[in-house]
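The model shown is predicted, which means the values in this text are computed figures rather than measured ones.
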Amino acid sequence: MSNIVIIGTQWGDEGKGKIVDLLSEYADGVVRFQGGNNAGHTMVVKGEQFISHLVPSGILQQKTCYIGNGLVVDPEVLIGEIDYLESNGVKVGPDQLRISEKAHVIMPYHKSVDNAREKLKGDNKIGTTGRGIGPCYEDKSTRRGIRFVELLDRDLFAERVRIILDEKNFYLEKYLKAEPLDADEIIDQYHAYADRLKPYVTNVSVELFNSLKKGKQLLFEGAQGTHLDIDHGTYPYVTSSNVVSGNACCGSGIGPREINGVIGIVKAYTTRVGRGPFPSELFDDIGDAIQKKGAEFGATTGRRRRCGWLDTVILKNAVRLNGLTGLAITKLDILGGLDALKICTSYDCNGTIIEDFPGNLNVLGECKPVYETLPGWPEDISGIRNYDDLPENTKRYLKRIEELTDTPIQIVSVGPGREETMVLENPFTQ
Ligand code: GDP
Ligand code: IMO
Ligand code: MG
């Protein structure tokens, strides 16, 4: 029996959705454990594309999908996603989707605060997704949050909203110069959401425990990427949750002994949406070419993703922080046609070579990437399904990633479709 965690190793958008959808075939349940609808996970099945923001990417394989206590959930977005999937023939009833009663609810004032703060910060903004993620986690930590338990209790919910909104409106109007919100409107709107979502709400920890006892296999779907982690990322240019594998337990309510493997998803180059440091970022024609060929636009906000060379300093950071047991390399097809490929192997910080990702952003700002150069391959590899059929230079690039990270590559992806993949070692059956 195996329980596997999928983690983004870079700054998000590594292709987690695709790999979770693929591996869901072997799992009984798929669990999201942090983040919210700042995530945008793309699955392409039989040429049809689905982007999920909250519903775990196991839904297309009709596995039981769990939204753990570690998430912040915008009920309007979740209902929209359920309706969208159902209208496309994917069943998302209470048998397929379970929502933790302890997950926190994103309220309209979280979104207002998120956007008004970013506006006020001007050039110093984080570049958030504007979905209210940070303000919701902030209320969770200061114990003013509203969980699904409270949402489902109509009178308690109304009382809470009135008390909280008093303070929020003061802050919105007086400090952020934004529009105040109306309590009655919010209460009516959210009562309707509560009625709709009630059948899905449960004690996810108990359900996971019972299914583990029966020998069922679970797949944990990370959102964002290691370098957006609130503790270990490029703070303050990060998201507001722990995205590393350790949080798979905390954010779903299971113990650490249940986890058997942690797969790090590695895009074959590096991208980042929003602001913050990115040492191997490209500002030249090659960066533009990768951005275009890779269609690097955010799946949530549609923003153009910044592109750069693969950086193994950050990958080694991800290996250590997540205890990675294997890697899945995605978008390898996008690198075809380039004469040479660079891999950043260390940073030169004013003459000192460093291999460990620095915590101080001022130090990081001084860091210049140190590259080694490998030959590229002219071939289009998107039709290849056997590792042995890959061009020699492609295999060389992959081997070098394994050497530099000291971690085996278990999956190679050469296209967005579920079948455009080579599984070298299946983490569920090895
Ligand atoms: P996630 O947030 O980690 O799930 O990743 P996103 O879905 O935001 O972004 C990954 C994008 O790359 C999506 O558009 C996927 O369909 C696409 N994708 C994933 N794997 C591959 C691949 O191997 N090759 C190509 N060309 N596209 C891929
Ligand atoms: P997936 O799961 C890429 C980034 C935002 C911003 C920062 C903080 O699709 O990989 P937030 O709204 O979370 O407060 O924004 O984090 N960010 C992501 N970037 N992929 C994501 O998710 C992201 N989720 C948040 O762009 O820089
Ligand atoms: Mg994404």
Side-chain angles (χ1 to χ4, degrees), residues 1-9 16 19-20 23-36 39 54-58 63-73 96-104 137 140-141 143 145 147-149 200-226 228-233 239-265 317-328 407 410 425-430:
M1 194 196 79
S2 290
N3 299 302
I4 305 293
V5 184
I6 298 289
I7 291 291
T9 56
K16 297 175 292 292
I19 303 299
V20 169
L23 291 179
S24 292
E25 184 183 343
Y26 308 94
D28 301 290
V30 180
V31 192
R32 276 277 308 267
F33 54 88
Q34 47 71 232
L54 282 166
V55 175
S57 303
K63 301 305 165 112
T64 313
C65 288
Y66 299 90
I67 290 182
N69 55 278
L71 274 88
V72 289
V73 178
Q96 288 79 32
L97 181 67
R98 316 296 291 140
I99 305 169
S100 169
E101 60 191 3
K102 294 181 193 157
H104 278 250
Y137 276 118
K140 174 179 176 176
S141 290
R143 293 156 296 186
R147 303 172 302 167
F148 272 86
V149 196
Y200 297 86
V201 178
T202 185
N203 187 329
V204 164
S205 170
V206 168
E207 290 198 11
L208 293 179
F209 188 70
N210 290 338
S211 87
L212 287 168
K213 271 206 292 202
K214 285 185 202 142
K216 303 245 162 136
Q217 306 201 107
L218 299 175
L219 182 57
F220 293 85
E221 175 179 8
Q224 288 80 55
T226 301
L228 287 172
D229 183 279
I230 183 78
D231 283 292
H232 302 290
T239 191
S240 296
S241 63
N242 281 115
V243 317
V244 293
S245 61
N247 198 27
C249 298
C250 233
S252 64
I254 62 146
R257 287 188 305 155
E258 307 292 355
I259 306 293
N260 312 98
V262 186
I263 308 301
I265 313 299
N317 206 32
V319 168
R320 188 187 72 258
L321 290 167
N322 297 294
L324 297 185
T325 51
L327 303 179
T407 311
Q410 296 189 306
E425 269 179 285
N426 185 332
F428 277 109
T429 56
Q430 73 188 57

Problem - Full working for side-chain hydrogen bond (donor to acceptor under 3.5 Å, both in side chains) between Glu221 and Ser57 - result: CA-CA 8 Å; Glu221 175 179 8; Ser57 303; 2.6 Å; yes

Exercise for the section: Could you walk me through whether Tyr66 and Leu208 pass the side-chain contact (heavy atoms from CB on, under 4.5 Å) test, one step at a time? Expected result: CA-CA 9 Å; Tyr66 299 90; Leu208 293 179; 3.7 Å; yes

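- Summarising the local packing, NZ of Lys140 is surrounded by more than 12 heavy atoms from other residues, nucleotides or ligands at distances under 6.0 Å.
- By the side-chain hydrogen bond (donor to acceptor under 3.5 Å, both in side chains) test, Thr9 pairs with no residue at all, sequence neighbours left out.
- Rounded to the nearest 0.5 angstrom, His232 NE2 and Asn242 CG are separated by 6.0 Å.
- The two atoms that bring Ile259 and Cys249 nearest to each other are CG1-SG, 4.0 Å, heavy atoms only.
- Taken from CZ in Phe220 to CD in Gln34, the straight-line distance is 12.5 Å, to the nearest 0.5 Å.
- Counted by atom type alone, Thr226 and Asn322 present one or more donor-acceptor pairs between their side chains at under 3.5 Å.
- With rounding to the nearest 0.5 angstrom, the CD1 atom of Ile254 is 10.5 Å from the CZ atom of Phe209.
- For the atom pair CZ of Arg32 and CD1 of Ile67, the computed distance is 7.5 Å after rounding to the nearest 0.5 Å.
- Remark: Asn3 engages no residue in a side-chain hydrogen bond (donor to acceptor under 3.5 Å, both in side chains) (not counting sequence neighbours).
- How far CG of Leu228 is from OG of Ser241: 9.0 Å, rounded to the nearest 0.5 Å.
- Legend: residues meeting salt bridge (Lys or Arg N to Asp or Glu O under 4.0 Å) with Glu207, ordered by chain and number and at least two apart, are Arg98.
- A 4.5 Å side-chain heavy-atom check between Asn247 and Val243 finds every atom pair outside the cut-off.
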Handout entry: Verdict with supporting geometry, Ile19 and Ile6, side-chain contact (heavy atoms from CB on, under 4.5 Å)
Key = CA-CA 8 Å; Ile19 303 299; Ile6 298 289; 4.2 Å; yes

